[in-house]
Each structure stands twice: as C-alpha cells, then as structure tokens.
Trainee: 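Can you keep this structure in mind? I'll have questions shortly.
Predicted, not measured: the structure shown is a model, and the values here were computed from it. Position 1 is the first residue of the sequence, and the numbers go up from there.
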Amino acid sequence: VQLQASGGGLVQAGGSLRLSCVASGLPFNMYSMTWFRQSPGKEREFVAAITRGSGTLYTDSLKGRFTISRDNAKNALYLQSDSLKPEDTAVYYCAAAQTAVPSRRASGYTYWGQGTLVTVSS
C-alpha cells in the first residue's frame, strides 16, 4: 500500500493550494480517507475526512476554508485550501482506514502518506 501526497508549497496569506493524495495497493473505494496536519512542536491534528460514500467531516475551525473531495476512478483524494493563514503552516498527511465512519484520531488509521509541507507567509 502506498499513499503519495503532493501539492504543498509556499503561499502568501489569503492564497490557495490544492493538495492531492494518490493511493495504490488498496481498494480505494472501500476506504475512508482523511487529512491530518502537524506543525512543529504540536500533535498531529485532524483536518477533514471523507467517507466511502463521500460524506464529509471537518474540524470546526477550518470549515468553510477547506474542502475535501475524492475521485475513486483515479484513486485520488484532494484538499482544496482557501484563504490560507500563517497558522495553517504544517505538514499535511493523508491517511486511509477501512471504516465506515472516519476517526478524528491519528491512531485510527492503518496507512499514511509521507506528508506534504504547506508554508503560509504573512
């Protein structure tokens, strides 16, 4: 199983990025997919999740600025991040779990991508 995250980079505050995560080696449409992020010195935190049926969950503080989506035909997960703020600076990780209801805890995930760094300058 491999999850390959990409799309991070340096962006000014107020800008946008679209993160991608391509999965291989698993039946993608049978997995809930989630984005987490981790800033230096902080714990990994839940950002957003999408179920097998494309239901979505967001952490309340990010709702309205971030949008999660998936394309099962491409085995791909996306995170559209708008109106970015310096406090959004983090390494963003995609994760997969064969569950109907995605967990908001990192311990609930079997497979992880390598992370993609998002840096938002003020």
Trainee: Give me the atom names and distance for the closest heavy-atom approach of L117 to A90.
Mentor: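 What the structure gives for the nearest pair is CD1-O, 3.6 Å.
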Trainee: Drop me the distance from Y58's OH to W35's CH2, to the nearest 0.5 angstrom.
Mentor: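 Going from the OH atom of Y58 to the CH2 atom of W35 covers 12.5 Å.
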Trainee: Please name the pair of heavy atoms, one in G108 and one in A97, separated by the smallest distance, quoted to 0.1 Å.
Mentor: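 Reported closest heavy-atom pair: O-CB, 3.6 Å.
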Trainee: If you group Ile, Leu, Val, Met, Phe, Trp and Tyr by side-chain heavy-atom gaps below 4.5 Å, do Y92 and I50 land in one group?
Mentor: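 Yes, same cluster.
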Trainee: Give a yes or no on whether the backbone of S69 and the side-chain of T56 come within a donor-acceptor separation of less than 3.5 Å.
Mentor: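 Checking the backbone N and O of S69 against the side chain of T56, no donor-acceptor pair under 3.5 Å is found.
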Trainee: Could you check if a side-chain atom of Y93 sits within less than 4.5 angstrom of a side-chain atom of L19, using non-hydrogen atoms only?
Mentor: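 They are not in side-chain contact.
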Trainee: Going only through I, L, V, M, F, W and Y residues with side-chain contacts under 4.5 Å, is there a path from L62 to V91?
Mentor: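 Per the 4.5 Å side-chain linkage, L62 and V91 are not co-clustered.
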Trainee: According to a 4.5 Å side-chain heavy-atom criterion applied to Ile, Leu, Val, Met, Phe, Trp and Tyr, with indirect links allowed, do I68 and L17 form part of one hydrophobic cluster?
Mentor: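 Result: yes, single cluster for both.
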Trainee: Pair Y109, F36 - check side-chain contact (heavy atoms from CB on, under 4.5 Å), show working.
Mentor: CA-CA 11 Å; Y109 290 83; F36 286 83; 3.6 Å; yes
Trainee: Could you check whether any side-chain N or O of Q114 sits under 3.5 Å from a backbone N or O of A5, counting only pairs where one atom can act as donor and the other as acceptor?
Mentor: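 Answer holds: yes.
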Trainee: Enter the distance from M33:CE to N75:CG here, rounded to the nearest 0.5 Å.
Mentor: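 With rounding to 0.5 Å, CE (M33) is 9.0 Å from CG (N75).
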Trainee: Find the distance between CG (D82) and CZ (R18) and round it off to the nearest 0.5 Å.
Mentor: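 Rounded to the nearest 0.5 Å, the CG-CZ separation comes out at 11.5 Å.
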Trainee: Is there a donor-acceptor pair closer than 3.5 Å between any side-chain N or O of T34 and the backbone N or O of A95?
Mentor: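 No, because the side chain of T34 does not come within donor-acceptor range (under 3.5 Å) of the backbone of A95.
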Trainee: Within a strict 4.5 Å, meaning less than it, do heavy atoms of the Y31 and Y111 side chains meet?
Mentor: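 Yes, side chains in contact.
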Trainee: Check the pair L84 / F66 against side-chain contact (heavy atoms from CB on, under 4.5 Å), numbers first and verdict last.
Mentor: CA-CA 9 Å; L84 284 163; F66 286 22; 3.9 Å; yes
Trainee: Measure the spacing between NZ of K85 and OG of S122 and express it to the nearest 0.5 Å.
Mentor: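 So the NZ of K85 and the OG of S122 are separated by 14.0 Å.
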Trainee: If the condition is salt bridge (Lys or Arg N to Asp or Glu O under 4.0 Å), which residues does R65 pass it with, not counting sequence neighbours?
Mentor: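 Applying salt bridge (Lys or Arg N to Asp or Glu O under 4.0 Å) to R65 gives D88.
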Trainee: Rounded to the nearest 0.5 Å, what's the gap from OG on S32 to CZ on R70? Could you check?
Mentor: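 Here the interatomic distance stands at 7.0 Å.
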Trainee: Could you check whether any side-chain heavy atom of P102 comes within less than 4.5 Å of a side-chain heavy atom of L57, counting everything from C-beta outward?
Mentor: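 Side chain of P102 against side chain of L57, heavy atoms only: contact under 4.5 Å found.
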Trainee: Hydrophobic clustering (ILVMFWY, side-chain heavy atoms < 4.5 Å, transitive) - are W112 and F46 grouped together?
Mentor: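 Yes: a chain of side-chain contacts under 4.5 Å links F46 to W112.
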Trainee: Decide whether V1 and L77 are clustered together by the hydrophobic rule: side chain heavy atoms of Ile, Leu, Val, Met, Phe, Trp, Tyr closer than 4.5 Å, transitively.
Mentor: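 Yes, V1 and L77 fall within the same hydrophobic cluster.
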Trainee: Taking T89 for the side chain and V120 for the main chain, is one N or O donor matched with an acceptor at less than 3.5 Å?
Mentor: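 Pair found, side chain donor or acceptor close to backbone of V120.
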Trainee: Looking only at heavy atoms, what is the nearest atom pair of T116 and G7, with distance?
Mentor: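 T116 and G7 have their closest heavy atoms at OG1-N, 3.9 Å.
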Trainee: Given side chains that start at C-beta, do those of T59 and R37 come closer than 4.5 Å, heavy atoms only?
Mentor: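 With C-beta onward as the side chain, the pair stays apart.
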